[in-house]
Protein chains: 4
Amino acid sequence: MARTLGSSGPATLEAIRRAGLRLIYERGYEAMSLRQLASEIGMSQGSLYNHIATKQDLLFLLVRDHMQDLLDHADRALDGITGASERLIALVEFHVAYHIDRKREVFMSYSELRSLEPRNFEVIVAMRKAYETKLIAILREGSAAGLFTITDHQAAAYGILAMLAGILNWYNPKGRLSKKELAAIFVEMVQGAVYDRSAEARVSPAPLPVKARARTVA
Amino acid sequence: MARTLGSSGPATLEAIRRAGLRLIYERGYEAMSLRQLASEIGMSQGSLYNHIATKQDLLFLLVRDHMQDLLDHADRALDGITGASERLIALVEFHVAYHIDRKREVFMSYSELRSLEPRNFEVIVAMRKAYETKLIAILREGSAAGLFTITDHQAAAYGILAMLAGILNWYNPKGRLSKKELAAIFVEMVQGAVYDRSAEARVSPAPLPVKARARTVA
Amino acid sequence: MARTLGSSGPATLEAIRRAGLRLIYERGYEAMSLRQLASEIGMSQGSLYNHIATKQDLLFLLVRDHMQDLLDHADRALDGITGASERLIALVEFHVAYHIDRKREVFMSYSELRSLEPRNFEVIVAMRKAYETKLIAILREGSAAGLFTITDHQAAAYGILAMLAGILNWYNPKGRLSKKELAAIFVEMVQGAVYDRSAEARVSPAPLPVKARARTVA
Amino acid sequence: MARTLGSSGPATLEAIRRAGLRLIYERGYEAMSLRQLASEIGMSQGSLYNHIATKQDLLFLLVRDHMQDLLDHADRALDGITGASERLIALVEFHVAYHIDRKREVFMSYSELRSLEPRNFEVIVAMRKAYETKLIAILREGSAAGLFTITDHQAAAYGILAMLAGILNWYNPKGRLSKKELAAIFVEMVQGAVYDRSAEARVSPAPLPVKARARTVA
DNA sequence: AATGAATGAGTATTCATTCAT
DNA sequence: AATGAATGAATACTCATTCAT
């Protein structure tokens with residue numbers, strides 16, 4: 001087939017990225033072939049190379065742009081918010097929402113780290129570290145303010161991020177919990193994990209008021 | 001040439017599994033070739049097929065056996081322990097230790113789910129669910145006993161497991177934290193996440209005793 | 001390296017078909033490797049797949065196109081000819097000539113039926129049946145006209161076709177008998193096999209010149 | 001599994017031959033693997049080599065023994081019969097019956113000639129020629145006696161044999177025609193093909209029972 | 001910017017055969 | 001006579017990439 005009239009360069013690149021993202025999400029980078037990708041968007045294999053340099057390049061672009069987007073949105077979500085508690089809540093809420101809304105990009109950025117060439121890998125890891133650093137800074141701020149009780153800030157930050165990131169593996173938008181409810185649940189859990197706790201709430205037997213709406217698992 | 005002396009059947013299979021595990025961990029299932037695998041253990045490609053049926057079969061065996069091992073060890077770790085709090089602590093400690101000690105198997109079992117054929121996938125997912133169910137049961141028991149305050153037991157369980165599983169992505173045995181310290185940190189965080197909290201510990205300003213040993217990130 | 005100058009798409013496919021036909025004829029479909037095929041026409045194995053989908057596909061194309069050709073030529077050979085005797089003679093003469101001229105295609109179409117996938121097999125068998133039906137129709141017409149004495153039209157048709165098809169297994173164009181002589185011999189035998197045994201039923205009542213020169217076997 | 005008690009050498013060889021015959025008939029020599037063969041008879045691949053030298057050897061044994069059997073049975077069928085007409089009838093009847101009864105051996109012996117190594121090929125071709133020679137001799141005898149009118153004895157013999165051999169490709173023992181009827185039909189056709197076309201030359205002057213029941217094709 | 005045809009290295013898997021046990 | 005494990009070469013097919021047009 002000859003080229004589709006009206007499809008200009010940037011639009012084609014965008015189509016490649018969209019299809020690439022989906023295929024990498026569904027099959028994985030190694031398992032995705034450029035043949036599939038080309039046929040998905042109705043173009044020949046060779047033509048792809050007018051838009052991307054290599055398969056690795058496509059992966060890197062997708063991951064890097066997503067990471068930049070993540071950083072930008074996180075900054076925006078935190079913009080103007082002060083106080084470690086408030087910033088923690090804002091970051092958790094943003095993180096949950098983003099992981100649900102951009103499920104495929106986020107998943108790809110975790111799972112295909114291994115497929116990145118060393119040079120590209122380093123770039124992405126640095127961006128990831130920048131994101132983690134945002135949370136660590138908030139935790140430190142809260143600790144300094146006497147709000148949080150954290151044994152190891154890095155471990156806590158990694159733990160929190162992992163807990164939230166896990167959501168994308170099981171969250172079902174048509175399921176029991178709305179995005180808002182989910183965010184609330186995880187805000188609560190994160191708070192519990194980092195806040196100072198009164199000694200009597202510990203393993204101690206003292207039973208406490210039952211939560212009214214303790215739901216059952218779907 | 002005939003067989004290499006001294007190599008017997010079960011030993012060869014074990015060598016294949018060991019090398020397969022390592023290669024899948026390092027490169028991913030798709031990226032690992034049976035050529036590499038064979039050359040790693042010093043045997044011809046064709047000979048692999050005296051021990052495994054297919055590449056997929058090798059993956060499945062590795063993942064399935066690991067999952068069974070995980071379930072068995074979890075049962076053993078919980079054996080004889082009563083009380084939701086105590087059982088929660090035991091499970092978290094076991095989980096952390098296991099994820100550190102069996103890093104490669106665990107990582108593979110998460111990251112290569114996608115590479116499993118539908119039939120195999122279902123088997124593994126069922127085993128995974130059985131594991132998750134152990135934690136959910138403990139959380140329910142704690143809620144029923146008035147110990148825990150959990151909005152959604154499934155979400156909480158998934159969150160906890162994800163938080164702990166994340167450890168394998170960054171834990172360095174030669175690093176700052178010992179396995180024991182790490183377990184203690186995460187036991188604390190998990191407890192905070194599920195225990196009832198006294199209202200005044202919430203977002204509220206009430207400052208609490210600063211932790212003495214607030215460490216800095218490595 | 002890029003493509004060899006001067007080799008265009010259709011020409012390459014034609015080269016593949018030609019070489020494929022020859023190799024299948026000489027070695028059989030199973031025994032022919034695409035490696036051989038590619039090297040015969042001076043191209044890499046992978047390039048074959050720009051022209052054919054699979055090895056099976058190549059076989060099917062060759063057999064199907066040959067069968068269509070056979071049907072078309074048979075129709076042309078019978079076109080405008082009336083009378084069962086005349087049509088029988090025309091078909092036999094055509095059949096003999098075609099089996100000699102297109103020896104490889106014909107042989108392949110018989111001997112590789114077994115190698116066709118079920119779906120493809122059915123297509124070819126239907127075409128073959130269409131050809132057989134042409135002869136059966138002629139025999140029936142002749143029987144109805146009182147010219148032929150045939151116990152079972154299907155058996156007779158199969159017998160005749162098998163007798164003629166056998167020619168390709170032993171006919172030698174440089175041998176004793178010319179194509180024309182051969183056709184005459186088999187026309188005679190077929191006539192004898194189906195005609196009513198009363199002399200006047202013959203198409204050419206004039207008995208063929210006695211072979212004083214009864215030849216010896218080559 | 002250890003060896004089955006009571007299975008002695010010759011019995012095992014016989015099992016190999018039986019399974020080999022069936023597999024070669026069903027899939028072709030090239031497509032049959034010794035792995036399949038071994039598993040069919042419940043023995044390991046390696047053990048086959050206690051009974052056969054090579055795969056090629058198995059093929060050769062099967063074809064050669066069948067050819068010898070064919071020759072022996074043909075001799076027996078002709079034994080004591082005199083007169084070209086009578087001998088022709090006897091050979092045709094035998095040939096038809098044998099091709100129906102030993103369908104797989106016969107088919108294999110035609111279709112796998114190509115798979116025989118040159119040395120083996122020559123042996124089999126010589127045996128085949130010996131068989132053909134029997135028919136040619138009968139035809140010559142009939143011609144000399146003025147019974148047959150044959151332009152070329154070799155061509156006639158090949159034509160007759162091909163016509164009869166074709167039967168195995170379509171004959172269905174549960175079908176319309178019995179083996180006896182089939183033999184009668186082909187005896188008639190062969191006679192028509194070779195007899196002098198004067199009615200009195202017929203072997204049985206009494207016209208064969210009219211086929212009031214000229215059947216239609218199934 | 002697009003294409004079709006090419007390439008060479010690579011894929012998992014199968015093969016007939018060998019041989020120590 | 002049987003087996004399990006080994007081998008090396010072969011199989012059809014796929015891959016990312018190149019490039020003349």
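First the proteins, then the strands, lettered A, B, ... as listed; each starts at 1. What you see below is based on every heavy atom in this structure, not just the backbone, and it leaves out hydrogens, waters and symmetry mates.
Under the 4.0 Å criterion applied to side-chain N and carboxylate O atoms, C:Glu30 and D:Arg27 are not assigned as salt-bridge partners. The residues A:Glu105 and A:Arg18 are annotated as not salt-bridged, no charged nitrogen and carboxylate oxygen being separated by less than 4.0 angstrom. For C:Arg22 and C:Glu40, the salt-bridge test passes: some basic side-chain N is under 4.0 Å from an acidic carboxylate O. Residues B:Arg64 and B:Glu122 are not paired through a salt bridge, judged by the lack of any N-O separation under 4.0 Å between the basic side chain and the carboxylate.
Of the inter-residue distances, the one linking D:Leu116 atom CG with D:Ser109 atom OG reads 8.5 Å to the nearest 0.5 angstrom. If you take OH on D:Tyr25 and CE on D:Met32, they are separated by 15.5 Å, rounding to the nearest 0.5 Å. If you take CZ on B:Arg119 and CD1 on B:Ile124, they are separated by 13.5 Å, rounding to the nearest 0.5 Å.
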Taking N or O atoms only and anything under 3.5 Å, show me the protein contacts with nucleotides 14-16 of chain F, one pair per line.
residue	atom	partner	partner atom	Å
F:dA16	OP1	A:Met32	O	3.3
F:dA16	OP1	A:Lys55	NZ	3.0
F:dA16	OP2	A:Leu34	N	2.9

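Looking at C:Ser111, its side chain does come within 3.5 Å of a backbone N or O of C:Phe107 through a donor-acceptor pair. B:Glu112 places no side-chain N or O within donor-acceptor distance of the main-chain N or O of B:Leu59, the cut-off being under 3.5 Å.
Secondary structure note: stems in DNA chain E built from 3 or more consecutive Watson-Crick or G-U wobble pairs under 3.5 Å occupy E:2-21 with F:2-21.
Using a 4.0 Å cut-off, no side-chain N or O of B:Thr12 falls inside it from OP1 or OP2 of F:dA5. Contact annotation: B:His51 side-chain N/O to F:dA6 OP1/OP2 distance is under 4.0 Å.
Within residues 17-27 of chain B, no residue is approached by DNA chain F to less than 4.0 Å at the level of any non-hydrogen atom.
When the C1' atom of F:dT17 is taken as reference, atom CG of A:Leu48 falls 11 Å away, rounded to whole Å. Here the P atom of nucleotide E:dA6 and the CG atom of C:Leu13 are 11 Å apart, to the nearest Å. We find that CD1 of A:Ile41 is positioned 10 Å from P of E:dT3, with the value rounded to whole Å. Regarding D:Ile52, its CD1 atom lies at a distance of 11 Å from the P atom of E:dT18, rounded to whole Å. One atom, CG of C:Leu37, and another, P of F:dA10, lie 17 Å apart when rounded to the nearest Å.
Under 3.5 Å, the side chains of C:Gln36 and C:Ser39 contain no donor-acceptor pair of N or O atoms.
Both tests pass for B:Lys55 against the ring of B:Tyr29: distance under 6.0 Å to the centre and angle within 45° of the axis.
Of the two residues near DNA chain E, D:Gln56 and C:Asn50, the one whose nearest nucleotide lies more 5' is C:Asn50.
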